[in-house]
Amino acid sequence: FDGNGSEGSTISAFFRTSNRVAPWNYYMSASSMWAMDPVHAPPSPQFEYSANPPSGATVASAGIVSNLDDGATVSWRWSSTGHDWLRFVGGEPDRDVSGAQLRAANVIIELLATRRGPFDESGPDSPDVESISVGHGPAFILRNGKVETGTWNCPNFGDVTTYKFEDGKPMTLVPGNTWIEVVPNKNYPVQIQR
């Protein structure tokens, strides 16, 4: 089932809003997309879950990525009050359109190769960036006030990405919402604060 919103039969499931500028105003209706899929077969599970962090996890207070958003630092800070991670950009809370700060039970920081794409996103001097999600590279999973450090691995296009410690044991997530912070593996240092 091809859910590409740019072309094909599913384009009608996508729409633009007037409260944001393109391309950040492009949304999809899940109910419309499901209605177009004759099989409704759910995908294979993408992550492995556990109620408690695995033995390879260590205490962490923040995950920080430098230069990520127009040169600003993006950080995820553990909230012991909310038992989740709060997102900051340039030291300020990163908020959604309602004003609520972005938060996640799990944050995956995945470093991967990128290349310049064929399109100009916002004009002739702003090429799109293509993330190369086939292969492997460093990964950090923030959950429960801890960090798991290991690698992501996706051998072939269409495979589910797996996350493992150096010893091959699976890195796991806590049940809840997950944010994947895709980070280019060059010139964007990642720091884990203990």
Side-chain angles (χ1 to χ4, degrees), residues 1-49 63 65 68-70 72 74-76 79 82-90 92-112 114-124 126-135 139 141-143 152-163 171-184:
F1 179 72
D2 185 357
N4 184 349
S6 300
E7 56 189 24
S9 62
T10 61
I11 195 168
S12 62
F14 290 77
F15 61 93
R16 291 194 185 273
T17 63
S18 60
N19 62 336
R20 306 182 90 181
V21 297
W24 299 282
N25 65 344
Y26 200 47
Y27 293 89
M28 184 268 294
S29 163
S31 59
S32 295
M33 186 66 77
W34 274 113
M36 294 177 189
D37 179 11
V39 180
H40 295 303
S44 300
Q46 184 171 1
F47 306 115
E48 293 195 38
Y49 293 93
V65 183
L68 189 58
D69 186 10
D70 291 333
V74 171
S75 61
W76 289 91
S79 168
H83 299 286
D84 54 9
W85 298 89
L86 302 175
R87 193 172 196 265
F88 294 81
V89 176
E92 298 296 322
D94 191 7
R95 302 183 184 279
D96 66 18
V97 71
S98 75
Q101 187 169 8
L102 298 175
R103 55 197 325 127
N106 304 285
V107 178
I108 299 174
I109 301 174
E110 185 173 320
L111 285 83
L112 42 70
T114 61
R115 66 181 172 219
R116 181 181 175 143
F119 305 106
D120 288 325
E121 289 192 338
S122 303
S126 59
D128 69 316
V129 176
E130 293 184 350
S131 299
I132 313 302
S133 58
V134 172
I141 295 179
L142 302 170
R143 59 163 289 181
W152 65 269
N153 186 46
C154 182
N156 301 293
F157 179 77
D159 289 347
V160 173
T161 301
T162 59
Y163 302 90
M171 299 163 70
T172 62
L173 281 65
V174 65
N177 66 322
T178 299
W179 181 296
I180 301 178
E181 194 78 67
V182 176
V183 179

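As the structure is a prediction and not an experimental result, all values here were calculated from the model.
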> Is there a donor-acceptor pair closer than 3.5 Å between any side-chain N or O of Asn156 and the backbone N or O of Asp159?
Replying inline: no
>> Nearest 0.5 angstrom please: Phe47 CZ to Thr178 OG1, how far?
In response: 5.5 Å
> Is a side-chain donor or acceptor of Asn177 paired with a backbone partner of Ala105 at a separation under 3.5 angstrom?
Replying inline: yes
>> I need the minimum non-hydrogen distance between Ser12 and Met36, along with the two atoms involved.
In response: OG-CE, 2.9 Å
> How many angstroms lie between atom CZ of Arg20 and atom CG of Asn25, to the nearest 0.5 angstrom?
Replying inline: 8.0 Å
>> Looking at every non-hydrogen atom in both residues, tell me the closest pair between Ile141 and Thr172 and how far apart they are.
In response: CG2-O, 3.9 Å
> Ser133 and Cys154: which non-hydrogen atoms are nearest, and at how many Å?
Replying inline: O-CB, 3.4 Å
> Please walk me through it: do Met28 and Phe15 pass side-chain contact (heavy atoms from CB on, under 4.5 Å)?
Replying inline: CA-CA 6 Å; Met28 184 268 294; Phe15 61 93; 6.0 Å; no
>> Within this structure, what is the CG-OG distance for the pair Leu68 and Ser75, rounded to the nearest 0.5 Å?
In response: 11.0 Å
>> Suppose we screen for ring pair (Phe, Tyr, Trp, His ring centres under 6.0 Å). Which residues come up paired with Trp152, at least two apart in sequence or across chains?
In response: none
> Taking it one step at a time, do Leu86 and Leu102 satisfy side-chain contact (heavy atoms from CB on, under 4.5 Å)?
Replying inline: CA-CA 6 Å; Leu86 302 175; Leu102 298 175; over 6 Å; no
> So, do Leu112 and Val182 sit near enough that their side-chain heavy atoms are less than 4.5 Å apart?
Replying inline: yes
>> In the structure I gave you, are the side-chain heavy atoms of Phe14 and Tyr27 within less than 4.5 Å of one another anywhere?
In response: no
>> Apply side-chain contact (heavy atoms from CB on, under 4.5 Å) to residues Glu181 and Val74 and explain how you reach the verdict.
In response: CA-CA 10 Å; Glu181 194 78 67; Val74 171; 3.8 Å; yes
> When rounded to the nearest 0.5 angstrom, what distance separates CD1 in Ile108 from CD in Gln46?
Replying inline: 7.0 Å
> Do the side chains of Leu111 and Ile109 get nearer than 4.5 Å, heavy atoms only?
Replying inline: yes
>> What I want to check is whether the side chains of Glu110 and Tyr163 have a donor and an acceptor closer together than 3.5 Å.
In response: yes
> Would you call Ser131 and Arg115 a side-chain contact if the rule is heavy atoms closer than 4.5 Å?
Replying inline: no
> With a 4.5 Å heavy-atom cut-off, do Met33 and Thr10 have their side chains touching?
Replying inline: yes
>> I want to check something: taking the side chain as every heavy atom from C-beta on, are Arg87 and Arg95 in contact at a cut-off of under 4.5 Å?
In response: no
> Does the gap between the ring centers of Trp179 and Trp76 come in under 6.0 Å?
Replying inline: yes
>> Applying side-chain hydrogen bond (donor to acceptor under 3.5 Å, both in side chains) to Arg143 and Tyr49, what does each step give before you reach the verdict?
In response: CA-CA 11 Å; Arg143 59 163 289 181; Tyr49 293 93; over 6 Å; no
> Is there side-chain contact between Asn153 and Pro155, with at least one heavy-atom pair below 4.5 Å?
Replying inline: yes
>> Counting C-beta onward and ignoring hydrogens, is there a side-chain heavy-atom pair between Trp24 and Arg16 closer than 4.5 Å?
In response: no
>> Using the rule given for side-chain hydrogen bond (donor to acceptor under 3.5 Å, both in side chains), can you reason through Ser29 versus Ser31, listing the C-alpha separation, both sets of side-chain angles and the distance that settles it, and then say yes or no?
In response: CA-CA 6 Å; Ser29 163; Ser31 59; 3.2 Å; yes
>> Test side-chain contact (heavy atoms from CB on, under 4.5 Å) on Phe88 and Asp94; report intermediate values, then the result.
In response: CA-CA 5 Å; Phe88 294 81; Asp94 191 7; 5.9 Å; no
> Just by distance, do the side chain of Asp84 and the backbone of Ala104 share a donor-acceptor pair under 3.5 Å?
Replying inline: no
> If you measure from CE on Met171 to CG on Asn106, what distance do you get to the nearest 0.5 Å?
Replying inline: 11.0 Å
